[in-house]
K.L.:
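Got a structure for you, questions after.
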Amino acid sequence: MTTPSTDRDQQVFHEYRTLLFSVAYRVLGTAADAEDAVQDAWIKWSAADRAQVADPKAYLTRIVSNLALERLRSTRHKRETYVGPWLPEPILTTADTADTAETVVGAESVSMAMLVVLETLSPLERAVFVLKEVFAFSHAEIAEAVERSEAAVRQAAHRAREHVRARRPRFTADRSRQREVTERFFAAATGGDVNALMELLSPDVTLWTDGGGKVRQALKPVVGAATVAAWFAAIGTVTYQGIEPADMKAELAWINGGPGVVFSGAGRVIATVTFDFDGEGRITAIHNVANPDKLRAVAGGAAHDIGISR
């Protein structure tokens with residue numbers, strides 16, 4: 001039997017659950033680990049003396065940030081010895097196509113391309129960057145959350161910001177243009193139209209594929225419009241993971257804050273494809289996740305709210 005106090009505690013936690021998952025996913029890059037961090041935060045919240053908690057949101061954010069940091073440190077070696085490129089675990093997201101400043105920042109911060117860049121930061125730098133640049137926490141709030149001095153947090157924030165800026169320049173292709181290009185790519189790829197694909201790709205476009213050693217994928221980046229176009233034009237003509245072309249389905253979906261494609265067959269999701277665009281809307285990078293261990297969140301079908309409101 002639950003008590004009114006327990007009900008209130010559950011209500012408070014549920015109120016901030018989206019925020020907690022949003023922080024944990026950006027820090028960890030995997031939905032499964034983020035969900036585990038949120039669940040562990042609930043356990044700690046349930047066991048805490050909540051009468052001593054003046055600010056539940058700050059308290060819960062501190063808990064989940066530290067849990068995510070611990071998990072990230074424990075997974076670093078596994079990611080460093082991964083077979084082929086390591087890509088984040090994709091998630092379905094709500095289809096908010098508005099070009100408001102908050103929407104753009106939220107979508108960019110959860111994009112596959114940004115999460116790949118965040119992988120190159122130290123765990124502390126990554127957590128500090130997420131809390132400061134995405135959720136606009138103050139240095140003092142972050143220092144309390146990650147249990148570091150404010151001076152250390154300022155230094156980590158500066159290093160992380162400069163690192164990300166150097167590797168992730170901001171472009172201005174609007175979201176309607178991104179969706180239009182994705183739809184054209186989808187039609188060209190499923191129709192095997194190499195020329196139409198070439199028109200959509202930047203000359204130095206790079207394709208990153210993640211099979212994790214579980215399914216056959218390129219172990220190195222595929223570079224160049226002609227090579228990448230040929231790769232995708234072949235989708236409708238070759239057997240993939242034991243699935244004949246006629247039995248394979250592809251559908252547009254909103255993935256990691258932007259338009260993407262989900263491929264399925266034999267009753268399961270077999271791959272996701274997401275895109276990075278330049279200012280003119282040309283595709284500059286493609287991230288193809290086919291490791292079955294990383295497709296469970298997409299297969300589950302639930303769309304995540306990855307908003308950045310606090």
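Keep in mind it's a predicted model, so treat the numbers as computed, not measured.
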K.L.:
Measure across V23 and S65 and return the closest heavy-atom pair with its distance rounded to 0.1 Å.
P.N.:
CG1-OG, 4.0 Å
K.L.:
Classify the ring geometry of F135 against F137: parallel below 30°, tilted from 30° to 60°, perpendicular beyond 60°.
P.N.:
perpendicular
K.L.:
Contact between T30 and R79 at the side-chain level, heavy atoms closer than 4.5 Å - yes or no?
P.N.:
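The answer is yes; the side chains approach within 4.5 Å.
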K.L.:
Compare all side-chain heavy atoms of L60 with those of E15 and state whether any distance is below 4.5 angstrom.
P.N.:
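A side-chain contact under 4.5 Å is absent here.
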K.L.:
Closest heavy-atom contact between P292 and V215?
P.N.:
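The answer is CD-CG1, 4.2 Å.
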K.L.:
What's the separation between atom CD in Q155 and atom CD in E150, rounded to the nearest 0.5 Å?
P.N.:
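Answer rounded to 0.5 Å: 11.5 Å.
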K.L.:
Between L219 and I286, is there shared hydrophobic-cluster membership here, with clusters defined by ILVMFWY side-chain heavy atoms closer than 4.5 Å?
P.N.:
no
K.L.:
Can you see whether R159 engages H163 through a side-chain donor-acceptor pair at a distance of less than 3.5 angstrom?
P.N.:
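No donor-acceptor contact under 3.5 Å links the two side chains.
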K.L.:
May I ask you to say whether D55 pairs ionically with R62, meaning some side-chain N is under 4.0 Å from a carboxylate O?
P.N.:
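Here D55 does not pair with R62 in a salt bridge, since their nearest N and O are not under 4.0 Å apart.
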K.L.:
Look up atom CZ in R168 and atom OG in S111, then write down how far apart they are to the nearest 0.5 Å.
P.N.:
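One finds 4.5 Å between CZ of R168 and OG of S111.
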K.L.:
Between E89 and R296, is the salt bridge (charged side-chain N to carboxylate O under 4.0 Å, His left out) condition met? List the steps.
P.N.:
CA-CA 9 Å; E89 180 183 355; R296 293 168 184 161; over 6 Å; no
K.L.:
Give a yes or no on whether L121 and M114 share a hydrophobic cluster (residues Ile, Leu, Val, Met, Phe, Trp, Tyr; joining criterion: side-chain heavy atoms under 4.5 Å apart).
P.N.:
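Yes, one cluster joins them.
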K.L.:
Can you tell me how far apart OG (S149) and NE2 (H139) are? Round to the nearest 0.5 Å.
P.N.:
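Here the interatomic distance stands at 11.5 Å.
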K.L.:
Take E70 and L67 through the side chain to side chain contact (heavy atoms under 4.5 Å, CB included) test and state the conclusion after the steps.
P.N.:
CA-CA 5 Å; E70 290 172 10; L67 289 167; 4.2 Å; yes
K.L.:
Evaluate the side-chain proximity of F129 to I142: yes if any heavy-atom separation is below 4.5 Å, no if none is.
P.N.:
no
K.L.:
Distance-only, no hydrogens or angles: does the T284 side chain make a donor-acceptor pair with backbone N or O of S202 under 3.5 Å?
P.N.:
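No, because the side chain of T284 does not come within donor-acceptor range (under 3.5 Å) of the backbone of S202.
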K.L.:
To check you understand the geometry: which heavy-atom pair defines the closest contact between A127 and V27, and what is its length?
P.N.:
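Minimum heavy-atom contact is CA-CG2, 4.1 Å.
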K.L.:
Please answer whether the main-chain N or O of K78 pairs with a side-chain N or O of T75 as donor and acceptor at a distance below 3.5 Å.
P.N.:
no
K.L.:
Does any part of the side chain of I306, heavy atoms only, come nearer than 4.5 Å to the side chain of R26, both counted from C-beta?
P.N.:
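They are in contact (side-chain heavy atoms under 4.5 Å apart), so the answer is yes.
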K.L.:
Within the structure provided, determine whether T61 and Y16 are in side-chain contact (heavy-atom separation under 4.5 Å).
P.N.:
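SC-SC contact between T61 and Y16 ruled out.
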K.L.:
May I ask you to say whether R17 pairs ionically with E35, meaning some side-chain N is under 4.0 Å from a carboxylate O?
P.N.:
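Looking at R17 and E35, the cut-off is met.
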K.L.:
Keeping the roles fixed (side chain from K294, backbone from L87), state whether a donor-acceptor pair exists under 3.5 Å.
P.N.:
yes
K.L.:
Grouping I, L, V, M, F, W and Y whenever their side-chain heavy atoms are under 4.5 Å apart, do M248 and V289 come out in a common cluster?
P.N.:
no
K.L.:
Side chains of I255 and T93: closer than 4.5 Å at any heavy-atom pair?
P.N.:
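Not touching, per the 4.5 Å side-chain cut-off.
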K.L.:
Determine whether V64 and L118 fall in the same hydrophobic cluster, where Ile, Leu, Val, Met, Phe, Trp and Tyr are linked whenever their side-chain heavy atoms lie under 4.5 Å apart.
P.N.:
yes
K.L.:
Please state whether the rings of F185 and F232 are parallel, tilted or perpendicular, taking 30° and 60° as the class boundaries.
P.N.:
perpendicular
K.L.:
I'd like to know if the side chain of R282 and the backbone of V205 have a donor-acceptor N/O pair within less than 3.5 Å.
P.N.:
no
K.L.:
Which of these, N291, D210, N288, sits in a side-chain hydrogen bond (donor to acceptor under 3.5 Å, both in side chains) with Q217?
P.N.:
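Option passing the side-chain hydrogen bond (donor to acceptor under 3.5 Å, both in side chains) with Q217: N288.
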K.L.:
Taking the side chain from N66 and the backbone from A145, do they hold a donor-acceptor pair closer than 3.5 Å?
P.N.:
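The answer is yes, because a donor-acceptor pair under 3.5 Å joins these two groups.
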K.L.:
Test of understanding: clusters of I, L, V, M, F, W, Y form through side-chain heavy atoms closer than 4.5 Å, transitively. Do V181 and W231 belong to the same one?
P.N.:
yes
K.L.:
If every non-hydrogen atom of L92 is compared with every non-hydrogen atom of V298, which pair is closest and at what distance?
P.N.:
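What the structure gives for the nearest pair is CD1-O, 3.7 Å.
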K.L.:
Considering all heavy atoms of both residues, which atom of A297 and which atom of A31 are nearest to each other, and what is their separation?
P.N.:
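That closest heavy-atom pairing would be CB-CB, 3.9 Å.
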K.L.:
Closest heavy-atom contact between P90 and T272?
P.N.:
CG-OG1, 3.4 Å
K.L.:
If you count every heavy atom of other residues, nucleotides or ligands that lies below 6.0 Å from Q11 atom CD, does the total exceed 12?
P.N.:
no
K.L.:
Rounded to the nearest 0.5 Å, what separation is found between the NE2 atom of H158 and the CZ atom of R154?
P.N.:
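Reported value, rounded in 0.5 Å steps: 12.5 Å.
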K.L.:
Quick one, Y25 with L115, criterion side chain to side chain contact (heavy atoms under 4.5 Å, CB included). Give me CA distance, side-chain angles, the key distance, then yes/no.
P.N.:
CA-CA 9 Å; Y25 177 70; L115 293 175; 3.7 Å; yes
K.L.:
Are the side chain of N256 and the backbone N or O of I91 linked by a donor-acceptor pair below 3.5 Å?
P.N.:
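Answer holds: yes.
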K.L.:
More than 12 foreign heavy atoms under 6.0 Å from CH2 of W45: is that the case here?
P.N.:
yes
K.L.:
Under the criterion side chain to side chain contact (heavy atoms under 4.5 Å, CB included), I'd like the reasoning laid out for D193 against E199: C-alpha separation, chi angles, the key distance, then a yes or no.
P.N.:
CA-CA 10 Å; D193 191 337; E199 292 177 3; over 6 Å; no
K.L.:
What distance do I283 atom CD1 and L207 atom CG have between them, rounded to the nearest 0.5 Å?
P.N.:
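Here the rounded value is 11.0 Å.
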K.L.:
Do other residues, nucleotides or ligands put more than 12 heavy atoms under 6.0 Å from the CZ atom of R216?
P.N.:
no
K.L.:
Nearest 0.5 angstrom please: K57 NZ to L20 CG, how far?
P.N.:
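Spacing of NZ (K57) from CG (L20) equals 10.5 Å.
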K.L.:
Is the closest side-chain heavy-atom distance between F277 and R175 below 4.5 Å?
P.N.:
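Contact flag for F277/R175 side chains = no.
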K.L.:
How far apart are the C-alpha atoms of D40 and R71, what are their side-chain angles, what is the distance that settles it, and do they pass the side chain to side chain contact (heavy atoms under 4.5 Å, CB included) test?
P.N.:
CA-CA 11 Å; D40 289 347; R71 284 182 174 272; 3.3 Å; yes
